[in-house]
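Reviewing the structure listed below.
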Amino acid sequence: MILSSFLIYFVSSMTEQQVFSNILLTYEAAANPKKAEAMSAYMRNQFVFLGIAAPDRLPLLQPLLKAFKPDYKGLDWLLRQLWEQEAREYHYAALTIAQKSKRIWQDQTIELFEELLTRHSWWDTVDVLCSQCIGPYLLNFPQVKASVLPKWERSDNMWLNRACIIHQLHYKTQTDTDYLAHVIQLYADSKQFFIQKAIGWALRQYARTNPNWVLEFVQNTALMPLSKREALKHLKH
């Protein structure tokens, strides 16, 4: 934090290269090997961790971002560089920066999001990308939806399929129920755990806005038991 404060005081604006270098320095200084072992175990040892817990990451990152005023090219470069790093905390940092940079998203941003979805993929990053980035993106760039979602639906990549199901999690009254019904029916008999859970999650979330629609849909759709159980978890039926 001392390093970050020093840089912010003397540098009114940092380039993406400077931000990247200082994220590396700041995160390395905050590493906790004992916590790292436990965090990696929680993720089935699929990823290396530095051991920086979630409540500590944003306070480390925020001072570095105050002096970062990226254009789109700089944002794209920074997110890709962070995603190339081995430690999972850098991927989380990339997601935070992506969310805070909505004002400079462009049509081609979806290509970046697709790459992030399909590399180093697991539920922790995929779900944030879907709900906090791809969901808002498709509301702001509806012209992209018609070409991207059908491609992801046909993909052999499970995480792209999951993105189709859960990107509307926070849409509430803006939810496209025709599309929600379509994509759930498309994967209703999937044996994939993460697809079954996604279906249940999408329905459970929309039930907060329109419980009657969800109840009727579940009653009239052949869902896997896990999907149905998750969908109705908070509903009386």
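Nothing here was measured: the structure is a model prediction, and the numbers come from that model. Quick note: residue numbers are just sequence positions, from 1.
In this structure, the side chains of Q168 and Q174 stay at 4.5 Å or more apart for every pair of heavy atoms.
Taking the centre of each ring, F194 and W201 stay at or above the 6.0 Å mark.
Ion pairing between a basic and an acidic side chain is recognised when a charged N comes within 4.0 Å of a carboxylate O; R119 and E84 show such pairing.
Side-chain contact check for T125 and R88: at least one donor-acceptor pair (N or O, by modelled atom type) lies under 3.5 Å. Checked by atom type, the side-chain pair D124/Y92 shows a donor-acceptor distance below 3.5 Å.
Scanning for side-chain contact (heavy atoms from CB on, under 4.5 Å) contacts around Q81 gives F20, W77, with sequence neighbours left out. Applying the side-chain contact (heavy atoms from CB on, under 4.5 Å) test to Q99 and every residue at least two apart in sequence or in another chain returns L95, K102, V128, Q132, C133. Partners of W152 according to the side-chain hydrogen bond (donor to acceptor under 3.5 Å, both in side chains) rule, which considers only residues two or more places apart in sequence or in another chain, are E114.
From E16, atom CD reaches atom CZ of F68 across 5.5 Å, with rounding to the nearest 0.5 Å.
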I'd like a table of donor-acceptor pairs (distance under 3.5 Å, sequence neighbours excluded) in which one partner is a side-chain atom from residues 202-209, with atom names and distances.
residue : atom : partner : partner atom : Å
R204    : NH1  : E230    : O            : 3.4
R204    : NH1  : E230    : OE1          : 2.7
Q205    : OE1  : R208    : NE           : 3.4
Y206    : OH   : N210    : ND2          : 3.4

Counting only pairs under 3.5 Å, give me each side-chain donor-acceptor contact of residues 32-41, with atom names and distances, residues two or more places apart or in other chains.
residue : atom : partner : partner atom : Å
N32     : OD1  : K34     : N            : 3.2
N32     : OD1  : K35     : N            : 3.2
S40     : OG   : N45     : OD1          : 3.3
S40     : OG   : F47     : O            : 2.9

Might you work through the side-chain contact (heavy atoms from CB on, under 4.5 Å) test for T109 and Y72, ending with a clear yes or no? CA-CA 9 Å; T109 304; Y72 181 75; 3.1 Å; yes
Given V126 and L116, is the side-chain contact (heavy atoms from CB on, under 4.5 Å) satisfied, shown in steps? CA-CA 8 Å; V126 167; L116 302 187; over 6 Å; no
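The side chain to side chain donor-acceptor pair (under 3.5 Å) analysis of residues 177-188, with sequence neighbours excluded, yields the pairs E153-Y179, E153-H182, N161-Y187.
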